There are 4 protein chains.
Amino acid sequence: MATRAHDDAARLARRNTILQAARSLFLLDPHQLPSAAHIANEAGLAKGTVYLYFRTKEEIFLALLGEEFFGLMQEIESIFADTSKLSIPSFLQRYAAYLEAHPEFLRLDAMTYSVLEQNMSHEVLREFKLALVAQLTKTGAQLDAALQFPAGRGASLLLRTHAITRGLWQSLAYPPALQTLLVDEVFAPIRPDFNSELMATLGEYWQGALQNSAPYPP
Amino acid sequence: MATRAHDDAARLARRNTILQAARSLFLLDPHQLPSAAHIANEAGLAKGTVYLYFRTKEEIFLALLGEEFFGLMQEIESIFADTSKLSIPSFLQRYAAYLEAHPEFLRLDAMTYSVLEQNMSHEVLREFKLALVAQLTKTGAQLDAALQFPAGRGASLLLRTHAITRGLWQSLAYPPALQTLLVDEVFAPIRPDFNSELMATLGEYWQGALQNSAPYPP
Amino acid sequence: MATRAHDDAARLARRNTILQAARSLFLLDPHQLPSAAHIANEAGLAKGTVYLYFRTKEEIFLALLGEEFFGLMQEIESIFADTSKLSIPSFLQRYAAYLEAHPEFLRLDAMTYSVLEQNMSHEVLREFKLALVAQLTKTGAQLDAALQFPAGRGASLLLRTHAITRGLWQSLAYPPALQTLLVDEVFAPIRPDFNSELMATLGEYWQGALQNSAPYPP
Amino acid sequence: MATRAHDDAARLARRNTILQAARSLFLLDPHQLPSAAHIANEAGLAKGTVYLYFRTKEEIFLALLGEEFFGLMQEIESIFADTSKLSIPSFLQRYAAYLEAHPEFLRLDAMTYSVLEQNMSHEVLREFKLALVAQLTKTGAQLDAALQFPAGRGASLLLRTHAITRGLWQSLAYPPALQTLLVDEVFAPIRPDFNSELMATLGEYWQGALQNSAPYPP
DNA sequence: TATGAATGAGTTTTCATTCAT
DNA sequence: AATGAATGAAAACTCATTCAT
């Protein structure tokens, strides 16, 4: 029997154990959520214990998705913290690097619509969206400041940048088994490297977007 | 017992009946695929009959997705057929109109990664991708011609346009139950109207993209 | 469309085609009866046609079993036709050789109880048993004559010999996948070679049986 | 909800409940295995619970078959425990009595080849065969001692005795519906009473076998 | 708090057989 | 006679979640 988590710190630690177990199992097979039993086992806990920390299995992954999203926003904030040496290309580079370092993010994104948002109390989902919009607004405001945007423009660009990213990923990520089936040259048009394609697409998008907004490169 | 579909035309018609039954049921609850039994019933057929026309339930929806995709590409071809009165904004308008008239398209797109591509023989999937890449190339070539792009640029723009669209849709489409929970003003930044947002985002993307390519508006 | 079988000879030939198709498919996987569709396909016929010749799938295999059984009895009759050079060991040798040349016989026997006799009109089954008992009586009578048995003893010995054979086969025949798992020396007691074991067991049985009956080797 | 089986004893008891439920349902219709749902219901449990104790439905019946087999071997050991008053006829009598008291044994035997050994992990099957060969060897050794056989002869006789029994049973056991169709006198040769036939056949077999071996009746 | 035994809803797919052509 | 499209019964098994201990 696992030790009892009596104080808040211990509870938080245990919650984290579960999240990390879920994360690592999901990465092994990112096309379906691992079973609750499997997660519990990986976390060294009993099945019932998991449900003391999350009301449904999907809540676990929503929490995971949230962590990644907030992490990404913070990364962006740190990028835009020092406006002296800022350029869009270098921003995109660090953006892409973050995604590569957190492979579960876009994979979870791809399951949001059909899996994650199902089987979840709307209460929890609303809470999640509230935190999300708050973070988006905050990071967006920093962009507004850094790039002298009108209020709200930064948040909008962030939302769109994320949307473009998730869309591209879903169009270009193939399960390993399929990858080997698509090696033929005829498939080239739908098999560019995700990272280059992401950089190119976002580059073009931001170029167009900045012309519609204010200054930026003074 | 349903009438026997003996010749190819009748078989094709029956196959279509199944597709339309699947389509209409899916639109009633676009977060999960309807059951095979339900589809058969809606089509006025026995369960087993459905499996005479499709090897798995998912194949039905992949076929549906394919139809929509090819329809969209044809729509685009027809848009670019008459280059005399062409403008990007009017292209985007017709593009968005097509999507609005075919609501199942983006909903199916959202299920591709986590549901559709599962439980499907790779054989069938490869076939599907092959048809898809062929269509993309063909329509892309027309763009190349119409807009004086270097070869392949049109296909690339189409792929990206589609990716942006699917990403935006997933970021902005909320299940009805959730919509009512997000009416509060604080959620405004993540609740722009999908259509306007799509037009704005694609508009900015194409603006940026065209500057990187060749001429277009001479 | 296959040619029409108008006369009796043609009908018989077609029936035989079906039997042989069933036989060869069954031997490929002798743990389950092949599907009706598969049999029809192998025979170059449509599914419905098979049901013009047999009322159920199981009837096909019962017919096959019957053929083998009657063949075996005839073989035995031919063995005992020439009493001059008869000996039990040589009889058993030819008996075993027949079985080896007709591998489907004992495999079908093993499915009789749980599969074949199910899903079969009792009418057909009774008919089958009637033919069987007639053949058994006839061949048995020849044994009675050849070995100077009291009436009925021959039939009884045949029945028992068959029973011993089918029991041994079921106790010693392992599916290929299992065979490789039982190579370890500890399994030796339950893995004697079927043929030797059959000869030994029947040899002992007949030795005991003949002492209870009459003369034989004078 | 059934009471929780927390300790090993309770778990064993529950497992046994399932086995007995399966047994009694199987005897009601010994030509097919009852469904898992039916077994669960009969045991007063939910379907899922059954699968906590057995991985497949077939495993249940394999376990049942094992129990009967080991019971039979133990019976034989007890028969041969007191060599003072031993005789083959009395051995066979008690052997037959055991079979009559455990009607599911031979019925399960008849399904082994075509049903039980299917849908079963080879791992489990190997385990089963291992226990079986161990028991056979042990009981066989006792025969060797009691009847002064060369080593291994006892196990061999047991294997053959079992094989003869199962073969005879399959040749002579008719489903009730069929029995009434075979009352006619012409069927007499294939309808001897199973018990008498078993005694007679095994009697003859052992008579022949003992002459090939060592002493026995001193 | 932690455990893990018990629950039971839920669905795809196969395939023997029929029968309209 | 031959075809093959249509039928629909039938059942194993998983797994998220609960709750007695």
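To find a chain, count down the sequence lines: A is the first, B the second, and so on, and within it residues start at 1. What you see below is based on every heavy atom in this structure, not just the backbone, and it leaves out hydrogens, waters and symmetry mates. Nothing here was measured: the structure is a model prediction, and the numbers come from that model.
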Notebook entry, point to check: Is the shortest side-chain N to carboxylate O distance from Glu117(B) to Lys129(B) below 4.0 Å?
Noted result: yes
Next item on the list: Identify the heavy atoms of Val115(A) and Glu58(A) that sit nearest to each other, and give their distance.
Entry: O-CG, 3.8 Å
Margin query: If we check side-chain contact (heavy atoms from CB on, under 4.5 Å) with Phe54(A), which of these qualifies: Val124(A), Leu62(A), Leu19(A), Ile39(A)?
Written below: Leu19(A)
Next item on the list: Residues of residues 31-59 of chain A with any non-hydrogen atom less than 4.0 angstrom from an atom of DNA chain E: list those, numerically ordered, please.
Entry: Leu45(A), Ala46(A), Lys47(A), Gly48(A), Thr49(A), Leu52(A), Tyr53(A)
Notebook entry, point to check: Which sits closer to the 5' end of DNA chain F, Ala2(B) or Asn119(D), going by the nucleotide each is nearest to?
Noted result: Ala2(B)
Notebook entry, point to check: CZ of Arg15(A) to CD1 of Ile18(A): how many Å apart, nearest 0.5 Å?
Noted result: 8.5 Å
Check: What are the 5'-most and 3'-most nucleotides of DNA chain E lying under 4.0 Å from any heavy atom of chain D?
Finding: dG4(E) to dG10(E)
Next item on the list: Look at all strands and tell whether His6(C) reaches a base, only sugar-phosphate, or nothing, counting heavy atoms closer than 4.0 Å.
Entry: nothing
Check: CG/Asp29(B) to NE2/His31(B) distance, rounded to the nearest 0.5 angstrom?
Finding: 7.0 Å
Next item on the list: Kindly determine whether Glu123(D) and Arg55(D) satisfy salt bridge (charged side-chain N to carboxylate O under 4.0 Å, His left out), including the steps that lead there.
Entry: CA-CA 12 Å; Glu123(D) 178 55 29; Arg55(D) 261 168 305 177; over 6 Å; no
Next item on the list: Would you kindly check if the NZ (Lys) or CZ (Arg) of Arg107(C) is within the cone defined by 45 degrees around the ring axis of Phe26(C) and under 6.0 Å from the six-membered ring centre?
Entry: no
Notebook entry, point to check: Can you tell me which stems DNA chain E forms when a stem means 3 or more consecutive Watson-Crick or G-U pairs under 3.5 Å?
Noted result: E:2-21 with F:2-21
Item checked: Pairwise distance CG(Leu181(A)) to CZ(Arg126(B)) - rounded to 0.5 angstrom -> 6.5 Å
Checklist line | Whole-Å gap separating C1' (dA16(F)) and CZ (Phe61(A)) | finding: 13 Å
Note to self: Distance check, rounded to the nearest 0.5 Å: Asn41(B) atom CG versus Leu45(B) atom CG?
What the structure shows: 9.5 Å
Check: Which of parallel (below 30°), tilted (30 to 60°) and perpendicular (above 60°) describes Phe69(C) and Phe105(C)?
Finding: tilted
